[in-house]
Structures are given as C-alpha cells and as structure tokens.
Amino acid sequence: MIMKGQKISDRYQIIKSIGEGGMANVYLAYDTILDRNVAVKVLRGDLATDEKFVRRFQREALSASSLSNPNIVEVYDVGEDNGEYYIVMEYVEGKHLKNLLKKRGKLTVPEVIDIVLQITNGLSVAHDSYIIHRDIKPQNILILDNGLIKITDFGIAVAMNATQLTQTNSVMGSVHYLPPEQASGKGATLQSDIYSIGILMYELLTGKLPFKGDNAVEIALKHLKEPMPSIRDEIPDIPQSVENIILKATAKNPKNRYADAREMHEDLKTCLDESRANELKITFKYPEHDYDDTKLLKTVKEPKKETKKDEKKDIKDGEEIIAKRINKNESKSQNKIIIILASIFVGLVVIITTIFVLIPYITSSRQEAVPDVSGYTVSEAINALQDAGFIVADEQRSEASDTIDEGLVTKTSPAAGSIRKEGTEIILYISLGDVTVEIEDYTGQNYNEVRGRLEALNIVVYIESRDIPEGDDPADYEEGIVMDQSIEPGERLSEGDSITLYIPKLDNKYPDFVLDEYTVAEVEEFAEDYGINLTINYEDTTEYEPGTIIRQSRAAGTTVVEGARLTITVAREPSSETEEPDDSGGLE
C-alpha cells in the first residue's frame, strides 16, 4: 500500500491518491529532482507478480515514452521499487470524456469533430511509430479547461491486452469499443484503434453506445455480427459526410477502414465543408464479414493465453491454420483450403456460440446479494465483489464522508444487499473524507480577504460586480465590499466547489484630496490604481504646512476616466530671501 509522503525510488514523493482501478492505482506525486508534479501509476499487486505481464508492461511503456505530441500524456519514467512496478507520467489537471458526457449528455457536431481531430492528431504520431493504443475509450481521453485533448495510458493498454480476457472487470470497461478482429481473438492493428475512435465518435454525438448487452461476451458478439446503427436515425440533420466517417472507421472488415489515424484525421478536416454537404452514403469495397480472408496488415502478435478450455485453444489453432494456408496461396490446393476453411468456420461458430452464448445464458439466472463493502479499501472491495460474481466498473465516483476515512469505499451502486444477477456492473463510491467547509455571511467584508480565506480551503471563488438595487443610496455601498453571495450562510461546500461573491458596481469618483487631507503618496497610489496621468506642482507658501495638497485640477465627485490627466498643487516652504545666489546667478 502506497502511503502519503512515501518516496518511490527515492525521487517521487506521494502527495495523494487521485484514482484507483482494477489494474493500477494512480497517485499525484512530486518529482524531487526535476521540481514538478507528476502522476505515478503503480501496478496492482496481482499483476505485479505476473513476470510475463511486467516485462511486457515495461517494454511497451518505454516504447510509449518516445512519443511527443501535445495531444498525448507524456510518459517520463518506468521503474520498480521494492516490488512495486510504476510508470511516471505528465500530470494533467483535467476531466476525462466520460465525465463530460455524464454532465452534458451528448456533444455538438463541431465539438466532436474538434475532439476527434485532436485524438487522431495524437494517434497519428503513435501510428507513425507503429505504436497501437489498443484501449481507446472516454476514460482514457482527458479534456482540459481550455479544450485541449490528452490521450493517456499508452503502453499500459498494450500490456493489459495480454491478460484482458481473464480480467472480468477490465474487459467490461473496454468491450464497448472492442474491434471485431480482437473480439474474435486476433491481434490488434492500427485499424483496431480506428474502430474504437469510430465507436467513441458515435457515443459523443448521441450520448449512447451503439452496442449494448448484459455481459461482455454478448457485446463482443454484437461487434462481430451486428451492423453499425445509423447515426442519422438518432440525429437526422447530421451531415452524411460525418456519418460516412463513423461508418468507415467502424467497418467490420479492417480493409474497409482508414489505414491509420493520419488518414482519418485528413478526412475529418474537411467533413463540415460545404463542398461535402451532399455527399453520398459510403459503400464498402470488401465484404464486411469476410474476416478469414482478411490479411491483417502489420498485425501485432499477442502472447498465447493459458486457458482451461480446450475449445479456446482449438479456436486459436484454427485461426493460425487459416492464416498459413491463405498466405501460401497454392492454386493446386485451393479447393481443399476452401473446404477446410468452411469446416473450421462452422466449427468456430458452434464453439463460440456454446462458450459465449449458451454458458452465460445458463448461468445468467443466478442471482446474488451485493456485498456490503463500505469501509473496505478499493482493492478489497474489488476482490469481494468479484468473488460474489459481480463486475466492478472502471470508473469510480467520489463523495465526502464524515464517518468513513478518505480513500475507503463508502457505498456501491446498486446498493449493498440488493439482489442482482451475477455479472451486474457495480460502481464504487470512494470517500473524500470530511472535507466540507461551512459558509459564513460574508456581506460587509472585503472580497479580497474573503477570497483568500476560502481559496486556502480549496474552494473556488468567483467575483462579480452587480448593479446597486434601484432605490438604494450608492453612498451606502463601498467599493470592494461584499454585498451578496451565491451560497447561503450555514451551507457546506466540498473541496473544489465554488461560490460567487458580489460586489457593488460603483462609478469611480475623484475624492476631495484637499478636504480629506490626502498625502502625496496616497494620491500617487490612487492615480496608479486607476491609470491616471498625475502631475505634481509645488507652490511656495506659508499658509499651509509643507506637503499639504492645496488644489486639484479635477473636481471632487467627478467620474474617473482611465488615461485622464490630473494635476495637484502641493504646498512647499518658501526659500529664504537672504539666501546667497548659486553659481549660475539664479536663486533656488
């Protein structure tokens, strides 16, 4: 367990936990050597003991560290410390697209095109180096406040691919974006990322996923067999050029997809042009369900997966036989190959149907009570829920709690004790601790002082000028003094919540520098604050104390205008009449 304040490799000092999942825990840390904040992702314990997985994780993460693009979260370092395997990445203060979708429901066409253009821009650099992400989904796409998109988890996704089919909680998080060739057990290609981008694009525009099911296998089969729903059924006025991009990206046959992210990026750049307004619906050159005849270009071979089911081995072996015999392309054995292909295809369909459809159907009637995991650590809760037959959602939610310590589970959705079918997805709620702040009555206080106190408690403070209510005397209001607030006194705010303080909108007036006995320094400060050009004249006089302001060129009560000229006259002690002349013959 990584603790706050702990140093990893005597360099990365942990500040706080910023996320936990089925594969890794993520921490905000301080790089003591380069003097910057970083995100440190530490492998989960059971994966860290898998030597084959660790080697792959390190190799692919190091490969990803070579990528440099504003749309990719940069990988700085990969290492191991006392059995803890970690990856150090750029720390990005942003939300992932899943959060944005939950808040907005769906996005506009121009917004989605801008987002996907940035995603394909980042992936183009990766694809140029033949680095495949393999796990494009909203949870792996960060969006900053300024709209900049950052793709994260390069290298981790590729390593995870080797164990994904046995990690129930992981496959549910990604199967909605799983390309057909990977669903059928084949290796990933550049076009696999393209398919996932197409599914993501559909989700961003409609607010829903194209393929849904009760379990991961059912969804994977839909990716394999069902045609992509027409987005124009959901958004009738969407340009055909945009639907064509989605259809081409999500083609079942990789031959019909974009060759790589750069090709898709170029198509996206012009999809909203008027010249493409009347574009015809796309048609495909190659059969959509001709997987066995598809030669997957630049296929990345995956390590063999150990399985207890002989049927899965038969599927794998059968696919290898197909690939070898097609590549030989010997005309004398063409008829024999066709017969073998047909036989194996029929066998695959029977085996896949038996394993992935009948078995889940038979077991789907089993129901269990959701365990009460409140007070558990995240890893303990995941293990307990998986042992009970449930799936833990990739995304977790946070909430303040004055009874459960920070970082522990507060509740689940569905709630503990509710009866659900095995395989139901469970969402964990994680305690932020008691981080609420009781709001006071700030009216009558200086807004700068209030803002300083609240920001020290990590409350976001906005300042707005508000007109004085009709009928009120402006003299009753002071500049910079809070007149109202958006949150009532007594209410509580959590860390990161916001409050707006309202100050009166007053016309700035010149004070009476003479009667109010301003000093020269105070007038100079006034002029600097309001952008006034100040001229100071001195007058010899015995009527006033030296340094007294005796006249001002702008009358008291008149409106201050930035850039205006103000002249003040200041009393000065007269020089002595008996003073000797200076060298020039003049008197001071």
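Any value given below was found using the heavy atoms of this structure, including those in side chains, with hydrogens, waters and symmetry copies removed. Residue numbers run from 1 in the order of the sequence given.
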(Q) When you compare the side chain of Glu93 with that of Leu28, does any pair of heavy atoms fall below 4.5 Å? (A) no

Q) Side chain of His223, backbone of His176: donor and acceptor closer than 3.5 Å? A) yes

Q: Measure from the side-chain N and O atoms of Asp193 to the backbone N and O of Arg134, and report whether any donor-acceptor pair falls under 3.5 Å.
A: yes

Q.
Would the distance check show the side chain of Thr412 and the main-chain N or O of Pro414 forming a donor-acceptor pair, the cut-off being under 3.5 Å?
A. yes

(Q) Return the CD1 to CD1 distance between Ile463 and Ile499, rounded to the nearest 0.5 Å. (A) 9.0 Å

Q: Indicate yes or no for a side-chain donor-acceptor contact from Asn256 to the backbone of Tyr286 under 3.5 Å, with no hydrogens or angles considered.
A: yes

Q) Got Ile136 and Tyr195 here, is their nearest side-chain heavy-atom distance under 4.5 Å? A) no

Q: State, yes or no, whether a side-chain contact exists between Lys255 and Lys285 at a heavy-atom distance under 4.5 Å.
A: no

Q: Using the salt bridge (Lys or Arg N to Asp or Glu O under 4.0 Å) rule, take Glu263 and Lys248 through it: C-alpha gap first, then chi angles, then the decisive distance, then the call.
A: CA-CA 11 Å; Glu263 183 180 331; Lys248 185 171 182 178; 3.6 Å; yes

Q | Minimum heavy-atom distance between Val40 and Ala29, given as atom pair plus value | A | CG2-CB, 3.7 Å

Q: Would you mind reporting whether Asn140 and His133 have side-chain heavy atoms less than 4.5 Å apart?
A: yes

Q) What distance do Ser184 atom OG and Leu178 atom CG have between them, rounded to the nearest 0.5 Å? A) 9.0 Å

Q) Where the side chain of Arg36 meets the backbone of Asp31, is there a donor-acceptor pair that is under 3.5 Å apart? A) no

(Q) For the CG atom of Leu204 and the CG atom of Leu97, what is their distance to the nearest 0.5 Å? (A) 5.5 Å

Q | Phe284 CZ: over 12 foreign heavy atoms closer than 6.0 Å | A | yes

Q | Closest contact, heavy atoms only, His127 versus Ala261 | A | ND1-N, 3.1 Å

Q.
Does any part of the side chain of Ser230, heavy atoms only, come nearer than 4.5 Å to the side chain of Glu243, both counted from C-beta?
A. yes

Q: Mind checking the CD-NZ spacing from Glu288 to Lys225? Nearest 0.5 Å is all I need.
A: 14.0 Å

(Q) Working note: Tyr76 + Leu34, criterion side chain to side chain contact (heavy atoms under 4.5 Å, CB included); need CA distance, chi angles, decisive distance, verdict. (A) CA-CA 11 Å; Tyr76 295 142; Leu34 295 181; over 6 Å; no

Q. Are Pro210 and Met228 side-chain neighbours, meaning at least one heavy-atom pair lies under 4.5 Å?
A. yes

Q | Val175 to Ala216 - nearest heavy-atom pair and separation | A | CG2-O, 3.5 Å

Q. What closest approach, in Å, do Ala249 and Tyr258 show between heavy atoms, and which atom pair accounts for it?
A. N-CE1, 4.0 Å

Q: Give the minimum heavy-atom separation between Gly213 and Ile219, together with the two atoms involved.
A: N-CG1, 3.4 Å

Q: Can you measure from CE (Met264) to CG (Leu190) and round to the nearest 0.5 angstrom?
A: 13.5 Å

Q. How far apart are the closest heavy atoms of Glu279 and Asn244, and which atoms are they?
A. OE2-ND2, 2.8 Å

Q | Residue that, paired with Thr120, satisfies side chain to side chain donor-acceptor pair (under 3.5 Å) out of Glu266, His265, Arg262 | A | His265

Q. Between Asn253 (side chain) and Pro287 (backbone), is there a donor-acceptor pair under 3.5 Å?
A. yes

Q.
If you apply the rule side chain to side chain contact (heavy atoms under 4.5 Å, CB included), what do you find for Leu123 with Asp260, and how did you get there?
A. CA-CA 9 Å; Leu123 280 179; Asp260 54 25; over 6 Å; no

Q. Can you check whether Ser275's main-chain N or O pairs, donor with acceptor, with Asp273's side chain at less than 3.5 Å?
A. no

Q | Beyond-backbone contact of Thr250 with Ile199, side-chain heavy atoms, under 4.5 angstrom | A | yes

Q. So among Lys98, Lys208, Lys137, which one has a salt bridge (charged side-chain N to carboxylate O under 4.0 Å, His left out) with Glu203?
A. Lys98

Q) Rounded to the nearest 0.5 Å, how far does CG of Leu142 lie from CG of Leu148? A) 10.0 Å

**Q.** Pair Asn215-Ile391, side chain to side chain contact (heavy atoms under 4.5 Å, CB included): steps then yes or no
**A.** CA-CA 9 Å; Asn215 54 60; Ile391 294 168; 5.7 Å; no

Q | Neighbour count above 12 (heavy atom, 6.0 Å) for Lys102 NZ | A | yes

(Q) Would Arg232 and Lys281 count as a side chain to side chain contact (heavy atoms under 4.5 Å, CB included) here? Give the steps. (A) CA-CA 11 Å; Arg232 302 195 86 186; Lys281 187 171 183 178; over 6 Å; no

Q) Is there a donor-acceptor pair under 3.5 Å between the side chain of Thr500 and the backbone N or O of Tyr462? A) no

Q.
Cation-pi check for Phe211 against Lys222: NZ or CZ below 6.0 Å from the six-membered ring centre and within 45 degrees of the axis, yes or no?
A. no

Q) Hey, which of Ile238, Leu205, Val242, Thr206 is the one that makes side chain to side chain contact (heavy atoms under 4.5 Å, CB included) with Val112? A) Leu205

Q | Close side-chain approach of Arg276 to Pro239, heavy-atom, < 4.5 Å | A | no

**Q.** Glu111 side chain vs Thr108 backbone, donor-acceptor pair below 3.5 Å
**A.** yes

